[in-house]
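Read through the structure below, which is laid out as structure tokens, and then see the notes.
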Amino acid sequence: MNLTKKEYSSLELVYVSRTAEFRRKDGFLLKKYIYSNPLVKSKFDYLLFFPHIDGSGELLDELFIGEFFQGIVTKEFKDAVPFSKGKEFSITEKIKACLDINRQLSMLHSYNMCFNDMHIDNLLIDKSGGHLIDFDEIDYFGGSSYSSKYRLVNSNGNIFSDSFKVDLYKSMICYLSLFYNIDLEKLLKYNGILNVSVVPYLFENTSIGELVSSATKNMFTNDKELVPNIKDFLPFILDEERFNYDLDKIKKKVKR
């Protein structure tokens, strides 16, 4: 998308962050970077070679203001809220949102790229489903510039930052946060690192306890198995009596 400075300035200003400003145009969100990053642009150029990841907030076009690259154009999800604020959605709507994002993340991985910034505010939910947004930290599998955002640490102090496995594990943390209306990320985060040793304790003696414990253990081993697929959790999430029993146990531990 090519705009003059005057055209760009006339657009509605939606939000200004530490690193970018956002304006709205015809159902699209224009993200203008405050600090230009050629490395991010090169990764976006790579991603543009592939089919769009339907339902996500990936870039749809590059934003040029005058003659210069200034940012990206993405789809705007005007009525969506982050998973951290998705309490009022039904369990069916929550499941649909998580399955949508699981599909979007899998598609990104199939392009040989990591998301690298999987946290609860980058996952949106609305009545149409789920949306993975903010692709600025994407990286190639095996790349050396992994994001340090929300790395994982266990009780032994071992830090894990392999992006592919962290993408999957942190998506599980976000899904469970949405299902149980508990911001697990906020609960576990300390100095930008998630202490995941607490996770198996929170879900101990619940229906999904074994799945969560196995996923956490596998993050810090050489096992080829990564984390359970979101579909593995659904029989327990959909069993209302079992779900409410688990929820009561989890919330009691969170309040301690």
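Hydrogens, waters and symmetry mates are skipped; everything else that's a heavy atom, side chains included, is used.
- Using a 4.5 Å heavy-atom threshold, the side chains of Asp239 and Ser207 count as separate.
- Judged as a ring pair (Phe, Tyr, Trp, His ring centres under 6.0 Å), and not counting sequence neighbours, the contacts of Tyr111 are Phe50.
- Heavy-atom neighbours of Phe69 CZ from other residues, nucleotides or ligands within 6.0 Å: above the threshold of 12.
- Annotation for Leu63 and Ile72: closest pair CB-N, 3.8 Å, computed over non-hydrogen atoms.
- Across all non-hydrogen atoms, the minimal contact from Tyr180 to Ile208 is OH-CD1, 3.6 Å.
- For the pair Lys75 and Glu58, the salt-bridge criterion is not met [side-chain N within less than 4.0 Å of a carboxylate O].
- A salt bridge (Lys or Arg N to Asp or Glu O under 4.0 Å) check over residues 83-101, counting only residues at least two apart or in different chains, returns the pairs Glu93-Lys127, Lys96-Asp100.
- A salt bridge between Asp183 and Lys186 is absent, with no side-chain N of the basic residue lying under 4.0 Å from a carboxylate O of the acidic one.
- A salt bridge links Lys252 to Asp248: one of the charged nitrogens lies within less than 4.0 Å of a carboxylate oxygen.
- Between Asp134 and Lys31 a salt bridge is recorded (basic side-chain N to carboxylate O distance below 4.0 Å).
- Annotation for Phe22 and Leu13: closest pair O-CD1, 3.5 Å, computed over non-hydrogen atoms.
- At a threshold of 4.0 Å, the pair Arg23-Glu21 counts as salt-bridged, since one of the basic side-chain nitrogens sits closer than that to a carboxylate oxygen.
- Contact record, Phe243 with Phe179: CZ-O, 3.3 Å, taken as the closest heavy-atom pair.
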